[in-house]
Amino acid sequence: QHANTHVSMGSYEERLDSFAGVQHPIDPERLARAGFYSTGTGDRVLCFCCGGGLKGWQPEEDPWEEHAKHYPGCRFLLEEKGQEFVNNVQLQDPQR
Ligand SMILES: [Zn+2]
């Protein structure tokens, strides 16, 4: 029995369903594919695997790149995109 009230969100379909009726600047299919589901609060999403939360999305942002930028240790991210992708995103990060 999980103390967590969320269902697992381990499947793409479950995550996509969480965006039903949610206005979001990013295509929900792209977010769901990158491991994110909607919390139902504004544009805030969570990763089902690492639990990392992201909000304040800009329309030009890529869900995978944001995932790699903020949560480079996520196991789902590394399995789906690989260490090289994560490294490249980290190197591109213009923030100091
Ligand atoms: Zn993650």
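The two residues Glu61 and Arg30 have their closest heavy-atom pair at O-NH2, 3.9 Å. Nearest heavy-atom pair, Ala68 versus Gln90, reported as atom, atom and distance to 0.1 Å: O-NE2, 2.8 Å. When every heavy atom of Met9 is checked against every heavy atom of Ser18, the shortest pair comes out as CE-CB, 4.1 Å.
Remark: Gln23 CD is loosely packed, at most 12 non-hydrogen atoms of other residues, nucleotides or ligands lying under 6.0 Å away.
With rounding to the nearest 0.5 Å, the separation of OG in Ser8 from OH in Tyr37 is 9.5 Å. Of the inter-residue distances, the one linking Glu66 atom CD with Gln58 atom CD reads 9.5 Å to the nearest 0.5 angstrom.
No side-chain heavy atom of Arg33 sits less than 4.5 Å from a side-chain heavy atom of Leu16. For the pair Glu29/Tyr12, a side-chain contact is recorded, criterion being any heavy-atom separation below 4.5 Å from C-beta on.
A ring pair (Phe, Tyr, Trp, His ring centres under 6.0 Å) with Phe36 holds for exactly one of His67, His24, His70; it is His67.
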Side-chain polar contacts of residues 75-87 - donor-acceptor pairs under 3.5 angstrom, sequence neighbours left out - could you list them?
| residue | atom | partner | partner atom | Å |
| --- | --- | --- | --- | --- |
| Gln83 | NE2 | Asn87 | OD1 | 3.0 |

Contacts under 3.5 angstrom, residues 41-54 side chains, donor-acceptor by atom type, not counting sequence neighbours:
| residue | atom | partner | partner atom | Å |
| --- | --- | --- | --- | --- |
| Asp43 | OD1 | Gly56 | N | 3.1 |
| Asp43 | OD2 | Gly56 | N | 3.1 |
| Asp43 | OD2 | Trp57 | N | 2.8 |

